[in-house]
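For reference, the structure discussed in these notes is given below.
Counting from 1, the numbers follow the sequence of the chain as shown. Numbering of ligands and ligand atoms starts at 1, following listing order.
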Amino acid sequence: MNHFETQAIRNQTERTQFAEHSTPLYLTSSFVFDDAEDMRSSFAEEKERNLYSRFTNPNTTEFVDKIVAMEGAESGYAFATGMAAIFSTFAALLNAGDHVVSCRSVFGSTHSMFTKFLPKWNIETSYFKVDEVDLVESLIKENTKILYIETPTNPAVDILDLELMGKIAKKHKLIFIVDNCFATPYIQQPIKFGADLVVHSATKLIDGQGRVLGGVTVGNKDLMREIYLFARNTGPAMSPFNAWVLSKSLETLSIRVEKHCENALKVAQFLEEHENVEFVKYPFLKSHPQYETAKRQMKLGGNIVAFEIKGGVHAGRAFLDRIKMCSLSANLGDTRTIVTHPSSTTHGRLSEEDRLEVGITNGLVRISVGLEHVNDIIKDLKQALENV
Ligand SMILES: *Cc1c(COP(=O)(O)O)cnc(C)c1O
């Protein structure tokens, strides 16, 4: 099989009679049949072909095929957003009365799904904290069906041991699902460590340029079949336009992620030396509490750096106010460097106790390091830090 970079570029929809070099955009909601028999056998799934774009479309198929290859999966399905991928995956696989075990450090809307929406169908979730992996097995019950994690976590950039989680899931016959959004398949392939399914928000580093929303689930083909049937009937499909954009983005994923990570490591090293910084969290800094695990399962450290500014909430807000070039925005994984202060913004409505459960200290600043020249990024952070 070809290398990662080559697959990202050369896995391509079959050329049309026009012999185009780059994949065209297939903006069509449906597809035509030759005759009654062609239509019957197509709907009976006796042949693999496109019927209707809620089911499949050449652009979404190209995008999914690339992610399947990159993650070492068997099959996949593309969704309108990352949350549509996550919700549909859970909704397809769980029955009323089932139970989920998850790390507490999950994306905010995933947390809302676990605590506000899944309970409507009598599906409960038990959480463990990132430093409580010893407790995982004690949380598993007779009706537990899924073990769910994100690594690195958002926004505190903690690392969970994929191999360990994979072993626990296997021992207890759980479906092991990993949100691999922060790492991307270029840095980490959870299926190698025992994940049954991998979910992504393609909105982040996969697009990488802050343009379109998207999500994808890939993995075991029997589980994907259930997810596909759920999605094909309930309608969370990715639009062909977004799939076309995202498939193009994948062609440059490897070089973008390499540069993001190179810049992020330099930013982390700069911050670690700064007198107004209490501590820095970056997976590939030796000071990271799970540095050894990160080195084992990740090819590079990722593009997210978290640090604690001295002076708590006040200093965090003052830092944001002094930033000149970097963007204040809720997105991440963009070419543009983005800084956020979770305790006063995205997580501002949580109590301090709840924030601390996910590692959000008062002065925690999250940086999604972009692709500007690293000296310019550091210059901006430096002047903002010096004046707080
Ligand atoms: C953004 C994000 C999501 C949700 O993705 P959307 O595309 O915004 O729906 C899920 N998980 C993680 C880790 C994310 O960063």
Enumerate, atom names and distances included, each donor-acceptor pair closer than 3.5 Å involving a side-chain atom of residues 91-106, sequence neighbours excluded.
unit_1	atom_1	unit_2	atom_2	d
Asp98	OD2	Asn95	N	2.7
His99	ND1	Thr144	OG1	2.7
His99	NE2	Ser126	OG	2.7

Quiz prompt | Backbone N/O of Glu20 and side chain of Arg15: donor-acceptor pair under 3.5 Å | solution = yes
Quiz item: Okay, side chain of His341, backbone of Gly363: is any donor-acceptor separation there less than 3.5 Å?
Solution: no
Quiz item: Ion pair present between Glu37 and Arg40, side-chain N to carboxylate O less than 4.0 angstrom?
Solution: yes
Quick check for students: name every N or O atom pair between ligand 1 and the protein closer than 3.5 Å, with distances.
unit_1	atom_1	unit_2	atom_2	d
ligand 1	5 (O)	Ser201	OG	3.0
ligand 1	7 (O)	Gly82	N	2.9
ligand 1	7 (O)	Ser201	OG	2.9
ligand 1	7 (O)	Thr203	OG1	2.6
ligand 1	9 (O)	Gly82	N	3.1
ligand 1	9 (O)	Met83	N	2.9
ligand 1	11 (N)	Asp179	OD2	2.7
ligand 1	15 (O)	Lys204	NZ	2.7

Identify each donor-acceptor pair in which a side-chain atom of residues 180-204 lies under 3.5 Å from a protein atom, sequence neighbours left out, and give them as a table.
unit_1	atom_1	unit_2	atom_2	d
Asn180	OD1	Gln188	NE2	2.9
Asn180	ND2	Glu71	OE2	3.0
Asn180	ND2	Gln188	O	2.8
Thr184	OG1	Tyr186	N	3.2
Tyr186	OH	Glu258	OE2	2.4
Tyr186	OH	Lys299	NZ	3.4
Gln188	NE2	Thr151	O	3.0
Gln189	OE1	Lys192	NZ	2.6
Gln189	NE2	Met70	O	3.1
Gln189	NE2	Pro185	O	3.1
Asp196	OD2	Phe176	N	2.7
His200	NE2	Glu71	OE2	2.7
Ser201	OG	Thr203	N	3.4
Ser201	OG	Thr203	OG1	3.2
Thr203	OG1	Gly214	N	3.1
Thr203	OG1	Gly214	O	3.3

Quiz item: Who pairs with Glu163 by side chain to side chain donor-acceptor pair (under 3.5 Å), at least two apart in sequence or on another chain?
Solution: none
